[in-house]
Amino acid sequence: MRGPAVESRPWTEYLGVSERAPSAQESFLHQPQEVWRTKVGPAVMGSMAVGDSVLAIQGTDRNLSVLWRATGERVWRARLNAHGATGPLLTATHVLAATGGPRGKLYAFSLQSGRRIWSEQVGPVSGALAQLDALVFAASEAGWLKAHRVETGELAWQRRLPGRIRSGVSVVRGRLIVSTDDTLYQMDPRDGRVARSVATRGTVLNPPAVSGRRMAVSSPDGFVASLDAETLAEHWRVETQSAVFGSPAIARDTVFAVTISGTLWSIPLAPPVAPRHVNLGAAVRAPPAPTAQGILVGTLAGQLLMFDPTMPGPRVRMEMDGPLEQPPVLNRGDLIIADGRGVVQLWR
């Protein structure tokens with residue numbers, strides 16, 4: 001089966017938007033019905049890429065799958081050299097993916113045919129990929145940040161940082177942001193030159209959320225912090241009392257984050273005069289997913305909950321078959337979920 005020649009809605013960074021809140025303007029139906037479900041592997045690695053016509057999902061069994069969004073039918077599947085390292089990206093005409101381990105590679109496939117266009121060895125890829133203009137960026141656990149040309153795979157530049165890169169790569173206001181064990185770096189996407197660096201006073205494992213010049217980061221060391229996206233100066237820091245393993249999300253001038261112990265934090269972006277928190281009653285690794293009506297949170301127990309941060313108790317509770325380690329995406333009335341058992345579902 002052949003896919004679309006062009007995807008009208010590219011997905012070129014983690015969760016599709018820099019705020020990490022692709023569903024922030026979307027309304028949720030309180031009694032959605034399941035439209036389809038498709039098994040793509042034993043588990044899903046990283047977040048899926050959601051286009052207008054297709055979905056791209058990386059499995060833990062070395063398979064990259066592209067599904068028709070309308071039906072869940074498989075458009076094509078490609079076998080990679082090792083287990084997936086992160087979620088794939090969609091450009092207008094390509095699907096970009098990466099694998100982990102010592103032989104980790106960066107791949108580009110034709111969106112229409114599934115044909116492998118190129119693959120390049122980059123080492124054990126660590127965290128999210130990002131694409132900007134003609135380049136795709138990948139970070140490795142060994143500290144390498146590499147830029148390859150999307151069309152050809154040619155290495156445009158590479159730069160090694162001291163320490164292991166933990167956070168993957170993000171594009172923030174035209175610059176690259178990466179984090180090692182103790183330092184946040186801002187880099188020039190044209191040549192990899194380090195423009196700024198700042199000590200993080202804690203580990204940052206995930207891409208930051210960005211709105212204007214405000215950048216929010218979270219940490220398994222138990223904090224959420226806001227920094228200036230251009231100078232990297234810290235505006236504020238909120239101690240969450242428990243590890244935060246997912247990225248924060250920004251919507252409506254508020255930073256949302258969830259701790260592993262299941263506390264949902266709502267922190268005013270500037271400044272956090274009175275941050276609020278509510279106990280969800282379940283362990284959580286997935287980032288929160290703000291919508292127009294509340295905050296969707298997936299739990300490790302396989303529940304999808306919707307909360308109004310100003311009220312106790314969930315407004316919506318849905319039971320899934322497996323743990324939810326990535327947030328759902330709500331788009332044009334479609335609620336799209338990938339669970340920890342490799343099942344992708346669409347509800348509306």
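Hydrogens, waters and symmetry mates are skipped; everything else that's a heavy atom, side chains included, is used.
Shown here for A257 and V244, the closest heavy-atom pair between the two residues is CB-CG1, 4.4 Å. Minimum interatomic distance between R79 and D61 (heavy atoms only, all atoms of both residues): NH1-O, 2.6 Å. Shown here for A128 and T86, the closest heavy-atom pair between the two residues is CA-OG1, 3.4 Å. Looking at every heavy atom in both residues, D334 comes nearest to R348 through OD1-NE, 2.8 Å. When all heavy atoms are compared, the tightest approach of V44 to G342 is CG2-CA, 3.9 Å. Minimum heavy-atom separation, W11 to P88: CD1-O, 4.4 Å.
Side-chain contact between S170 and E13 is absent, with no heavy atoms from C-beta onward closer than 4.5 Å. The shortest side-chain heavy-atom distance between S140 and V122 does not fall under the 4.5 Å cut-off. Side chains of W157 and L135 form a contact here, defined as non-hydrogen atoms less than 4.5 Å apart. You'll find the side chain of L64 reaches within 4.5 Å of the side chain of W76, heavy atoms only. Side-chain contact check for V136 versus H94: every heavy-atom pair is 4.5 Å or farther apart. A heavy-atom distance below 4.5 Å is not found between the side chains of L264 and V284. Between R166 and V204, every side-chain heavy-atom pair lies at or beyond the 4.5 Å cut-off. In this structure the side chain of W236 reaches within 4.5 angstrom of the side chain of I267, judged on heavy atoms.
Residues forming a ring pair (Phe, Tyr, Trp, His ring centres under 6.0 Å) with W265 (at least two apart in sequence, or on another chain): H277.
Heavy atoms from other residues, nucleotides or ligands lying under 6.0 Å from CZ of R341 number 12 at most. Taking a 6.0 Å sphere around CZ of R116, one finds it holds 12 or fewer heavy atoms contributed by other residues, nucleotides or ligands. Within a 6.0 Å sphere centred on CD of Q25, other residues, nucleotides and ligands contribute 12 heavy atoms or fewer. The number of heavy-atom neighbours closer than 6.0 Å to CG of D181, taken from other residues, nucleotides and ligands shown, is above 12. Atom CZ of R252 sits in a crowded spot, with more than 12 heavy atoms from other residues, nucleotides or ligands closer than 6.0 Å.
A side-chain donor-acceptor contact under 3.5 Å links Q186 to the backbone of E230. For the pair S126 (side chain) and G168 (backbone), a donor-acceptor distance under 3.5 Å is absent. With T200 contributing its side chain and T203 its backbone, the two residues share no donor-acceptor pair below 3.5 Å. Between the side chain of W68 and the backbone N or O of G3, no donor-acceptor pair lies under 3.5 Å. Distance alone, capped at 3.5 Å, places no donor-acceptor pair between the R74 side chain and the V40 backbone. Side-chain atoms of W36 do not come within 3.5 Å of backbone N or O of V344 as any donor-acceptor pair. Between the side chain of T240 and the backbone N or O of G222 there is at least one donor-acceptor pair closer than 3.5 Å. For the pair R20 (side chain) and V17 (backbone), a donor-acceptor distance under 3.5 Å is present. The main-chain N or O of D321 is never found under 3.5 Å from a side-chain atom of E319 such that the two would form a donor-acceptor pair. Judged by distance alone, the side chain of S53 and the main-chain N or O of E7 form no donor-acceptor pair under 3.5 Å.
Distance OG/S167 to CD1/I177: 8.5 Å, rounded to 0.5 Å. We find the CG-CG distance between L205 and D221 to be 8.0 Å, quoted to the nearest 0.5 Å. We find the CE-OG1 distance between M45 and T60 to be 6.5 Å, quoted to the nearest 0.5 Å. Rounding to the nearest 0.5 angstrom, the gap separating the CG atom in D188 from the CZ atom in R159 is 9.5 Å. Rounding to the nearest 0.5 angstrom, the gap separating the OG1 atom in T91 from the CD atom in Q131 is 6.0 Å. To the nearest 0.5 Å, atoms CG (N206) and OG (S179) are separated by 10.0 Å.
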(request) Please lay out, stage by stage, how L300 and I260 fare under the test side-chain contact (heavy atoms from CB on, under 4.5 Å). (result) CA-CA 9 Å; L300 289 175; I260 185 67; 4.2 Å; yes

(request) In sequence, state the C-alpha distance, the side-chain angles, and the governing distance for L90 and R9, and then conclude on side-chain contact (heavy atoms from CB on, under 4.5 Å). (result) CA-CA 8 Å; L90 282 172; R9 186 190 186 205; over 6 Å; no

(request) Show the numbers, then the answer: is there a salt bridge (Lys or Arg N to Asp or Glu O under 4.0 Å) between R214 and D253? (result) CA-CA 10 Å; R214 294 278 181 165; D253 297 322; over 6 Å; no

(request) Under the side-chain contact (heavy atoms from CB on, under 4.5 Å) rule, what do L296 and L335 come out as? Steps first, then yes or no, please. (result) CA-CA 11 Å; L296 286 169; L335 178 63; 4.1 Å; yes

(request) Show your working on side-chain contact (heavy atoms from CB on, under 4.5 Å) between L132 and F137 and close with a plain yes or no. (result) CA-CA 8 Å; L132 177 66; F137 307 96; 3.8 Å; yes

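A single hydrophobic cluster is seen to contain both V198 and V172, as judged by linkage of ILVMFWY side chains at heavy-atom distances under 4.5 Å, directly or through other members. Under the 4.5 Å side-chain heavy-atom criterion for ILVMFWY residues, no single connected hydrophobic cluster contains both F223 and V255. Both I165 and V194 belong to a common hydrophobic cluster when Ile, Leu, Val, Met, Phe, Trp and Tyr are linked at side-chain heavy-atom distances under 4.5 angstrom. The hydrophobic clustering, which links ILVMFWY residues whose side-chain heavy atoms are closer than 4.5 Å, places F256 and V238 apart. In terms of hydrophobic clustering, with Ile, Leu, Val, Met, Phe, Trp and Tyr side chains grouped at heavy-atom distances under 4.5 Å, M187 and W144 are assigned to different clusters.
Side-chain contact check for W347 and Q345: at least one donor-acceptor pair (N or O, by modelled atom type) lies under 3.5 Å.
R201 has a carboxylate O that lies under 4.0 Å from a charged side-chain N of E234, or vice versa, which qualifies the two as a salt bridge.
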Enumerate donor-acceptor pairs with a distance under 3.5 Å from any side-chain N or O in residues 100-110 to protein atoms, sequence neighbours excluded.
unit_1, atom_1, unit_2, atom_2, d
Y107, OH, N81, N, 3.0
Y107, OH, N81, OD1, 3.0
S110, OG, Q112, N, 3.3
S110, OG, S113, N, 3.2
S110, OG, S113, OG, 3.2

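Between L324 and the choices L305, L304, V297, the side-chain contact (heavy atoms from CB on, under 4.5 Å) rule is met once, by L304.
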